[in-house]
Amino acid sequence: MIDLRLLREDPDLIRASQRLRGESTDLVDDLLRADAERRAATQRFEAVRAEQRSIGKEVAKASGDERAALLTRTKDLAVEVKAAEAAAGEAEQALKRAHMAVSNVVEGAPPGGEDDFVVLREVGDLPQIENPKDHLEIGEALRAIDTERGAKVSGSRFYFLTGVGALLQLGMLQLAIQQAVEHGFIPSITPTLVRPESMEGTGYLGAHASEVYRLEADDLYLVGTSEVALAAYHSNEILDLDGPRRYAGWSSCYRREAGSHGKDVRGILRVHQFDKVEMFSFCRPEDAAEEHQRLLAMEEEMLAKVEIPYRVIDVAAGDLGSSAVRKFDCEAWVPSQNRYREVTSTSNTTTFQARRLNIRYRDDNGKPQTVATLNGTLATTRWLIPILENHQQPDGSVRVPKALQPFLGGRDVLEPFK
RNA sequence: GGAGAGCUGGCCGAGUGGCCUAAGGCGGCGGAUUGCUAAUCCGCAGCAGGGGUGAUCACCCUUGCCGGGAGUUCGAAUCUCCCGCUCUCCGCCA
């Protein structure tokens, strides 16, 4: 949710942001109207309620005829109060709906849609591989990835990681946690089933509702990222913030992939369940842009450790999620596809999520203010794809990046089974 | 799954229909005293929304908030119902 004070002071700023996103400016006018209407309705309610309360005090002291007279008056008033309260409640609900409909105010993202991202830099040399095998072919030869049995047991877009596949993933995630701890992040293992409020607070029940698994019998949701649990972790709290508060959450993630039938069906690029280490920061709004760069630097440090070439893109305004003001993706080189594919994403959501989740800090005057939140990927199952493909050798073996070798019993090469 | 007890401000905790504008304590902030620290004494303070007066910082008025929601009542922290959560015990179970 955006800051309503900002909306009142500078509605044109919000309209400009909506245009950049390719979203309607009518939503801004709807919100302005709903805001004015709510204030008017609140005032009407408060006026009758104040009268009711003051007469109520006289009733308590009065007796006999005087009391009876007061009671007839307050009985009528009670009806008015009830009606005014209901009207104020409806105005409040209408405001909330209009409020939810307006996206966060874009900050510095390039204009345009999905294809209008700006490449900030390309890092690492692309490997020269003749007829590269794709990650599934390599993974099957190593007996590291088994999608056939994944499908047998659970359906399409499920897989088993076995042997060195399991070790690679565990090592990579462990490496991410180690790095996070070195940089002062609090390592966390988070719930993957959450209540509706938590899901709603992070905005995942809006446009992405069909992407989310729901357990009807218990009214719980399976998270698509530990961002959900980490964001909701401090909901309704006032934090002591000296500097940014940083978490690294390790969890399995679940996605229905409802709208992606027939897309990326091979291998483990797009799956219903995967594991991820996610960074999440709470900081003062004035520090958010700098913190965003820090999360991006963390991602690049990890990519360097697994020795894969990548590029960094500045995602265009029209392709941002509703809560992000800016988003940087790291895309790793995938030789079999001869293109870059997204492996990390870091978003600055400023106060948008925190306002909905009611997460605040005390400013220098001791007044509660809404915090800013940011998130970013530190490692995920999908990384196995560029790791296997970029490090493949002509003989079918796979070189193990130095940083991962300790997690594979010191091996520097993984040999295929005959 | 069954039975019971709870949920009050940053924290602890009193409050069983109007005197709640929520006692008291801890912690916090300001001041006094004081070689320093500590102790003592005095004072100030919840959160959110709305309106107003003089302004960039206050002050005044007002409404809501006692786990969440609905209800009873002229009036609810207090009574009723639904939901959530915590604790204790029993049962079942990895």
Side-chain angles (χ1 to χ4, degrees), chain A residues 1-10 31-100 189-201 205 214-221 228-229 232-242 245 252 282 285 351-371:
Chain A
M1 295 192 284
I2 62 164
D3 185 352
L4 285 181
R5 288 176 204 280
L6 180 66
L7 172 84
R8 288 172 204 153
E9 280 166 24
D10 194 355
L31 180 53
L32 279 167
R33 215 173 302 118
D35 179 46
E37 178 48 41
R38 190 199 114 244
R39 280 186 286 172
T42 301
Q43 280 173 47
R44 284 191 288 269
F45 162 66
E46 286 187 6
V48 284
R49 177 66 176 156
E51 191 181 352
Q52 181 188 44
R53 289 183 53 147
S54 80
I55 296 178
K57 277 183 184 141
E58 292 174 38
V59 171
K61 291 177 204 143
S63 58
D65 290 349
E66 195 188 351
R67 187 184 170 94
L70 283 170
L71 280 181
T72 30
R73 258 176 83 195
T74 51
K75 272 180 185 166
D76 293 339
L77 247 182
V79 177
E80 271 182 64
V81 167
K82 198 159 270 188
E85 187 172 18
E90 273 168 40
E92 182 87 45
Q93 287 304 309
L95 173 64
K96 193 185 171 196
R97 279 193 300 275
H99 204 170
M100 296 281 217
I189 294 171
T190 63
T192 53
L193 284 167
V194 300
R195 315 174 74 217
E197 302 92 283
S198 305
M199 212 62 184
E200 187 166 14
L205 289 187
R214 173 160 183 254
L215 277 74
E216 178 125 31
D218 300 284
D219 199 16
L220 290 170
Y221 293 88
V228 175
Y233 185 62
H234 285 305
S235 59
N236 299 313
E237 293 183 21
I238 298 176
L239 303 176
D240 289 322
L241 273 191
D242 299 327
R245 177 97 55 109
S252 291
F282 299 87
T351 56
F352 194 83
Q353 275 185 340
R355 187 166 292 109
R356 195 155 23 181
L357 288 161
N358 190 28
I359 310 171
R360 293 171 294 170
Y361 71 100
R362 288 194 189 279
D363 66 16
D364 297 334
N365 298 320
K367 283 281 152 203
Q369 305 285 352
T370 304
V371 303

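Lettering of chains follows the sequences in order, A, B, ..., and the numbering in each one begins at 1.
- For the pair T351(A)/V371(A), no side-chain contact is recorded, criterion being any heavy-atom separation below 4.5 Å from C-beta on.
- Here R5(A) contributes atom CZ and D10(A) contributes atom CG; the two are 15.5 Å apart, rounded to the nearest 0.5 Å.
- When side chains are defined from C-beta on, Y361(A) counts as touching P285(A), because their heavy atoms get closer than 4.5 Å.
- Straight-line distance between the C1' atoms of C41(B) and U56(B): roughly 37 Å, to the nearest whole Å.
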Practice task
I would like to know whether R49(A) and Q52(A) meet side-chain hydrogen bond (donor to acceptor under 3.5 Å, both in side chains); could you show each step before the answer?
Solution key: CA-CA 5 Å; R49(A) 177 66 176 156; Q52(A) 181 188 44; 2.6 Å; yes

Practice task
Indicate for each nucleotide in nucleotides 55-65 of chain B, in 5' to 3' sequence, whether protein heavy atoms under 4.0 Å reach the base (B), only the sugar-phosphate (S), or nothing (-).
Solution key: -------BBS-

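- For the pair Y221(A) and P196(A), the minimum side-chain heavy-atom distance is below 4.5 Å.
- Comparing the C1' positions of A23(B) and C81(B) gives a spacing of 31 Å, expressed to the nearest Å.
- Spacing between atom CD of E200(A) and atom C1' of G84(B) amounts to 16 Å, rounded to whole angstrom units.
- At the phosphate of C74(B), neither OP1 nor OP2 sits under 4.0 Å from any side-chain N or O atom of Q52(A).
- At whole-Å resolution of the value, CD in E58(A) and C1' in G75(B) are 13 Å apart.
- Nucleotides A32(B) and G15(B), compared at atom P, are 39 Å apart to the nearest Å.
- Atom pair L70(A):CG and G18(B):P shows a separation of 18 Å (rounding to whole Å applied).
- Rounded to whole Å, the P atom of G43(B) lies 27 Å from the corresponding atom of G13(B).
- Using a 4.0 Å heavy-atom criterion, one finds that R360(A) contacts the sugar-phosphate atoms exclusively.
- The closest donor-acceptor contact from the side chain of T74(A) to the backbone of L70(A) lies under 3.5 Å.
- Both L71(A) and Q369(A) sit near RNA chain B, but only Q369(A) has its closest nucleotide nearer the 5' end.
- Rounded to a whole angstrom, the distance from the C1' atom of G64(B) to that of A77(B) is 14 Å.
- One can place CE of M1(A) at 12 Å from P of G49(B), the figure rounded to the nearest angstrom.
- Counting to the nearest Å, the C1' atom of G50(B) and the CG atom of L4(A) are 13 Å from each other.
- For the pair Y361(A) OH and G10(B) P, the computed distance is 18 Å after rounding to whole Å.
- Here G75(B) presents its C1' atom at 15 Å from CG of D76(A), a figure rounded to the nearest Å.
- The environment of R39(A) atom CZ is dense: over 12 non-hydrogen atoms of other residues, nucleotides or ligands sit within 6.0 angstrom.
- Of the candidates G75(B), U72(B), G18(B), U72(B) carries the atom nearest the K82(A) side chain, counting heavy atoms from C-beta on.
- U80(B) and A5(B) have their P atoms separated by 13 Å, with the value rounded to a whole Å.
- R39(A) has its CZ atom 5 Å from the P atom of G51(B), to the nearest Å.
- For RNA chain B, each stem of at least three Watson-Crick or G-U pairs (distances under 3.5 Å) is given as range with range: B:1-7 with B:84-90, B:10-12 with B:24-26, B:28-32 with B:40-44, B:46-53 with B:58-65, B:67-71 with B:79-83.
- Contact annotation for R8(A): backbone-only contact, meaning every heavy-atom pair under 4.0 Å involves sugar-phosphate atoms and none involves a base.
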